[in-house]
Amino acid sequence: MGAGHNGLVAACYLARAGLKVMVLERNSYIGGAAVSRKLYEDFTYSNCSYVCSLLRPEIIRALELPKFGLQIIPYEGGCTFMQGGGHLALYDNHDALRREISRHSKRDAESYDRYSRDVMRQCKFIKPLLMRTPPDPTSFKPRDIQELLYLGKHFHALGEQRMYDTLRFWTMSAADFLDEYFESEIVKAHFAGSSIIGTALGPRSPGTAYVLLHHYMGDIDDTVGAWGFARGGMGSISNALGASFQASGGTIRSTAPVAKILVKSGRTTGVQLEDGEEICAPLVISNLDVRRTFLETMSADDLPDEFITQVKNFKIRGSSGKLNIALDALPSFPAIPVGAPCIRGDMHVTDTLEMMERAYDDWKDGRWSRSPYIDMLIPSQIDPTMVPDGKHYMSVFVQYCPYELAEGAWTADKRQAFGNTVINTIAEHSPNFKDLILHAEIRTPWDIENEVGLTEGNIFQGELTMDQLLFNRPIPGFAQYRAPVKGMYMCGSSTHPGGGVMGAPGANAAREVLRDLGKT
């Protein structure tokens, strides 16, 4: 159920194992949030997810995705604009990056290596866990005991001091973590950005240090922490997965929304589509988030009351908006030297932690941020296939934007006002930006939910907080991709290890299905 990237990954592995697999997708196209769409003339938008790094290299290799057209192009840096002019540039060249940081603080330039080393140490700890099924700590099954022992040995191998550091890291705020390394506000603001993307938390909220790590542990061509663009937009990932799946004999049915998961005598028997058609199957794997799966497509009579209560308590809060903008030419950014590679990466406009926290305060009050955190990129500088000759495409990710407004429901006028706030914020750093706009798609969490199917538009299918990780994700006792109903499985980002275009939940779920079938 659902042709998002995790659903397609799970389907690929199952089809390659010899199972007869059908993927049902409610939209007319596959990909869920990882899509490329032409919504204005010949411009291709990555109109939801927009950059690639987290997709696991072992999945890319196993499913032969480059053979089916996937190409990831690393971008070359990034920058954060300062309110009074000036900027902090980030480069993939280590020495150039240190020189840039030293312009703002020589102490911070010296601290950067220590910061990078410590974050990398956390990456090395968590990465081996991404493609493993979390243990049930209450179970005495040999597999769970073995996995608990693995976790314990893995943790103990850190050594006493690193064990202490890791426990602190997983529970502390990004602001507190960054304060231990840096003094410059612009440096802290730049690195704090990844701690709030897609998260209904502010940089001073406990747990955001882990979210920072979650965005740091991907890699491209064995370069850990690197980010890049999928050539042709993020839909090329889903298209490659779809082609790999079909080459293994799988079937995709689009425009086939599932209305109900059918259950008989405590076991799934298939699904019923919205048009009434019933499709029989002994196994059903849901790529929908945990709330949509169990509260909207399953009858409460088929599930334990306590389980339903826990599903309702699982935190899925919308906090992000997205703009996709077609441009007549490349905007100018006076703060950046002409030709600098840093604009061929992610650009931000929030230069202090205090600005981020105030933006979060607006969200808590039920309004979009008056001075939003913006993560904007112009992928057409690196991938000209997305636009007509001489034109450009800008992707703009925005924190914070509420799912529900304090003053009432979203309307077309309110959506436009939100978009204008974002556009005006960008224009403060690019004097010709507004004049170049040919078209702008403006998306609130409400729009993302209704188009993509993500509850409240939450891009992670659930908060990445300590109470919702590992064997607590999504529900304690049900973190091993199996539902309370026999034959029913979960493979979406509501399961371990969480969100982002990673593919690990789908691969892990497929492994558990095959284990239950005796095929591993």
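Fair warning: this is a prediction, and the values are worked out from it, not measured in the lab.
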ask   = Can you check whether H190's main-chain N or O pairs, donor with acceptor, with H348's side chain at less than 3.5 Å?
value = no
inquiry  = Would you compute the distance between atom CG of D108 and atom OG of S184 and round it to the nearest 0.5 angstrom?
reply    =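 Taking CG in D108 and OG in S184, the distance rounds to 5.5 Å.
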query = When the ring planes of Y112 and F191 are compared, do they come out parallel, tilted or perpendicular, using 30° and 60° as the limits?
reply =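 Geometry flag for F191 against Y112: parallel rings.
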key: Cation-pi check, R291 onto F314 ring (under 6.0 Å, within 45° of axis)   =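 R291 over F314 ring: no.
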query = Which pairs with one or both residues in residues 481-490 pass side chain to side chain donor-acceptor pair (under 3.5 Å), sequence neighbours excluded?
reply =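 For residues 481-490, and leaving out neighbouring residues, the side chain to side chain donor-acceptor pair (under 3.5 Å) pairs sorted by first residue read Y481-N508, R482-E512, R482-D516, Y489-D516.
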inquiry  = Before we go on, tell me: are the rings of Y400 and Y373 under 6.0 Å apart, centre to centre?
reply    =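 No.
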Centroid separation H429 to F81 less than 6.0 Å = yes
Closest non-hydrogen atom pair between [X] and [Y], with its separation:
X	Y	result
M82	H87	SD-N, 3.7 Å
I59	M131	CG1-CE, 3.9 Å
S493	P505	CA-CG, 4.4 Å

key: SB check K364 D361 (cutoff 4.0 Å)   =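 Here K364 pairs with D361 in a salt bridge, since their nearest N and O are under 4.0 Å apart.
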inquiry  = Please determine whether a side-chain nitrogen of the Lys or Arg among R98 and D113 lies less than 4.0 Å from a carboxylate oxygen of the Asp or Glu.
reply    = yes
Return yes when atom [atom1] of [X] has more than 12 non-hydrogen atoms of other residues, nucleotides or ligands closer than 6.0 Å, and no otherwise.
X	atom1	value
K315	NZ	yes
E180	CD	yes
D365	CG	yes

inquiry  = So, applying ring pair (Phe, Tyr, Trp, His ring centres under 6.0 Å) with Y50, which one of F397, Y75, F229 is it?
reply    =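 Considering F397, Y75, F229, a ring pair (Phe, Tyr, Trp, His ring centres under 6.0 Å) with Y50 is found only for F397.
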